[in-house]
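What follows is a single structure, written as structure tokens, with notes after it.
For the numbers below, each heavy atom of this structure counts, side chains included, while hydrogens, waters and symmetry mates do not.
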Amino acid sequence: MKLTVWTYEGPPHVGAMRVATAMKGLHYVLHAPQGDTYADLLFTMIERRNHRPPVSYTTFQARDLGADTANLFKTACKEAVERFDPQAIIVGASCTAELIQDDPGGMAETMDLGIPVIPLELPSYQRKENFGADETLFQIVRTLAQPQERTSRISCNILGPTALGFRARDNVEEITGLLSELGVQVNVVAPLNATPADIARLPAAHFNVLLYPETGEAAARWLEKTHDQSYTSVLPIGVGGTRDFIAEIARLSGKPVARDESRLRLPWWSSSVDSTYLTGKRVFLFGDGSHVMAMARVARDEMGFEVVGMGCYNREMARPLRAMAKDYGVAPLITDDYLEVEAAIEAAAPEMILGTQMERHIGKRLGIPCAVISAPVHVQDFPARYSPVMGFEGANVLFDTLIHPLVMGLEEHLLAMFREDFEFHDAAGPSHHGAKAQARVDSADASGGSLPAKMKDNGVPLPDAVTDENVVWLSDAERELKKIPFFVRGKARRNTETFAIEKGINQISVETLYEAKAHYAR
């Protein structure tokens, strides 16, 4: 464990909270010190839930450590059952409380509370939030699921959507509708909106749809082994992913399905005139492994982008992501250190980032547009409107998600046309702040000439060794570079700088720019 400003995943007990908060009739008793109750804010503020999560805390203090903290936990369990009347409870310890080794599970089982008690053993210092959610759902399913006959109609369970999940509410609604169109009934969605009684009915379905592998795969594997329920392996993200998902549903259900693509707009829109300006845009993807792999396919095969980097923060998905990165010809980045991610993005110099809330911040600092495609997310990624990212309607939403942060072709040409206007030159700032517009100032000297040879803007002599860190663009070359269409400008800049370094040129002039163009055209 290490201290950090940002973190992609919290400790495992936060994952358990995500499962408990998603369900109904379940309560989580957490052995935790005062101060570990911050997690309430995750749900009431970020997800904008209209009720607090079903979690009770022992909230012991420093002075309690010399007494009997076990009795505090037992009292919290008893009061939670009396007050909330749950169908079942899960019990565990936060990362801090784990150190005092009170064994919450063992204590709760000896109390005879009259309802199922599910102990959680979550190693706070070895594993993280997604593991906590995955393990919690697995323990709930293993404890409560009961053998029973299959439903008369072909049915499935949807596994994995939790509180704080990426577009979980809308994805469940979209995929439920899609399955209904395919003639498959949804038996139970778990854990989102499920009760312990619903969990008991899971084995009645014919197969499972694993919608969020990070938080539902352990339960899916156990149901397959114990109750002979196969589960899906394809995420219905993007056009190709949804079509493959439908084919997999047809195989698992054993019945032919008719595909209705009447609502699908992405294929035509992504090949429409203005969108062709985005072909070849260089994108860097980072997030949880499942969403990154699904979105890499959408970015390359459906939007025409060039994937220049991909990675994930959850090491459980490292192996399949490495295999996909090899297929895409990029180096995989497996890390939970946002500083490493920022360094990789800066080195790749993409024209767009597809990532998490962290990458949104990184993009702002680097001046690179970013679209959020994966948890962890912030409040703006829980929209009030219907906005799935799965299924055919989800493909339409993804088109908007990926297009909107970018400057479109006609917009770019208009900005270029009026580039010398007092409102639209690069230093002017937002056009709606017209009163604050600044006059355009060239980096040339006052007499209008170029900078003297071997000198930086501040007059400091350049070193003799030419590297990518000390190459200087002269103002006339910068102006000429801006005449190049935006969708190839980044490549032109990189090629010119590489050419200058190879030739030992410190300052890039218009002549250097055109020499580089001729060199790479050969």
Side-chain angles (χ1 to χ4, degrees), residues 166 235-244 264-312 320-333 341-342 344-356 358-360 362-364 366-374 381 389-390 392 394-413 484-495:
F166 186 58
L235 292 188
I237 293 180
V239 178
T242 302
R243 287 171 177 167
D244 291 348
L264 183 59
R265 301 183 185 91
L266 184 146
W268 161 242
W269 284 37
S270 64
S271 60
S272 61
V273 173
D274 207 48
S275 294
T276 58
Y277 286 104
L278 305 174
T279 301
K281 275 284 186 185
R282 304 170 72 257
V283 297
F284 191 105
L285 298 98
F286 194 85
D288 71 53
S290 295
H291 282 85
V292 165
M293 289 187 288
M295 286 302 302
R297 179 181 179 183
V298 173
R300 186 186 71 172
D301 300 343
E302 299 177 17
M303 299 297 295
F305 295 158
E306 178 189 351
V307 175
V308 297
M310 67 169 67
C312 68
L321 190 136
R322 285 193 178 104
M324 187 174 197
K326 183 178 180 181
D327 181 56
Y328 276 54
V330 298
L333 177 63
V341 178
E342 181 170 355
I345 292 173
E346 195 166 11
E351 289 144 301
M352 185 179 186
I353 306 168
L354 306 182
T356 72
M358 310 287 208
E359 283 65 52
R360 177 188 280 130
I362 290 170
K364 285 179 180 177
L366 298 178
I368 303 173
C370 177
V372 173
I373 61 160
S374 162
D381 294 301
V389 295
M390 292 185 178
F392 290 133
N396 296 334
V397 171
L398 285 178
F399 175 84
D400 292 338
T401 300
L402 302 189
I403 289 292
H404 287 173
L406 297 169
V407 179
M408 302 294 281
L410 179 58
E411 183 181 5
E412 172 69 17
H413 287 305
I484 298 174
F486 75 100
F487 48 88
V488 293
R489 189 181 304 148
K491 184 176 182 180
R493 177 183 285 275
R494 289 189 299 275
N495 285 349

Those residues that, when tested against Arg243, pass salt bridge (charged side-chain N to carboxylate O under 4.0 Å, His left out) (two or more places apart):
Glu261
Going by the rule salt bridge (charged side-chain N to carboxylate O under 4.0 Å, His left out), which residues pair with Arg360 if we only count those two or more places apart in sequence or in a different chain?
Asp381
From [atom1] ([X]) to [atom2] ([Y]), nearest 0.5 Å:
{"X": "Phe284", "Y": "Glu351", "atom1": "CZ", "atom2": "CD", "value": "14.5 Å"}
{"X": "Met293", "Y": "Leu285", "atom1": "CE", "atom2": "CG", "value": "11.5 Å"}
{"X": "Leu366", "Y": "Ile353", "atom1": "CG", "atom2": "CD1", "value": "6.0 Å"}
{"X": "Thr356", "Y": "Ile362", "atom1": "OG1", "atom2": "CD1", "value": "7.5 Å"}
{"X": "Ile373", "Y": "Thr401", "atom1": "CD1", "atom2": "OG1", "value": "10.0 Å"}
{"X": "Cys312", "Y": "His291", "atom1": "SG", "atom2": "NE2", "value": "13.0 Å"}

Glu359 and Ile345: side-chain contact (heavy atoms from CB on, under 4.5 Å), yes or no, with the steps?
CA-CA 9 Å; Glu359 283 65 52; Ile345 292 173; 4.2 Å; yes
Given side chains that start at C-beta, do those of [X] and [Y] come closer than 4.5 Å, heavy atoms only?
{"X": "Asp400", "Y": "Asn396", "value": "no"}
{"X": "Ile403", "Y": "Met303", "value": "yes"}
{"X": "Lys281", "Y": "Met352", "value": "no"}
{"X": "Ile368", "Y": "Pro350", "value": "yes"}
{"X": "Leu398", "Y": "Met295", "value": "yes"}

[X] to [Y] - nearest heavy-atom pair and separation:
{"X": "Val292", "Y": "Gly287", "value": "CG2-N, 3.2 Å"}
{"X": "Ser290", "Y": "Leu235", "value": "CB-CD1, 3.7 Å"}
{"X": "Pro267", "Y": "Ser271", "value": "O-OG, 3.1 Å"}
{"X": "Val307", "Y": "Ala299", "value": "CG2-CB, 4.5 Å"}
{"X": "Ala296", "Y": "Met324", "value": "CB-CE, 4.0 Å"}
{"X": "Pro369", "Y": "Pro405", "value": "CB-O, 3.4 Å"}

Any donor and acceptor pair, going by atom type alone, linking the side chain of [X] with main-chain N or O of [Y] inside 3.5 Å?
{"X": "Asp288", "Y": "Ser374", "result": "no"}
{"X": "Glu302", "Y": "Gly240", "result": "yes"}
{"X": "Arg297", "Y": "Ile237", "result": "no"}

Please identify each residue that fulfils ring-ring contact (aromatic ring centres under 6.0 Å, His included) with Phe305, with sequence neighbours left out.
none
Tell me, please, whether Tyr328 has Arg300 positioned over its six-membered ring: NZ or CZ under 6.0 Å from the ring centre and within 45 degrees of its axis?
yes
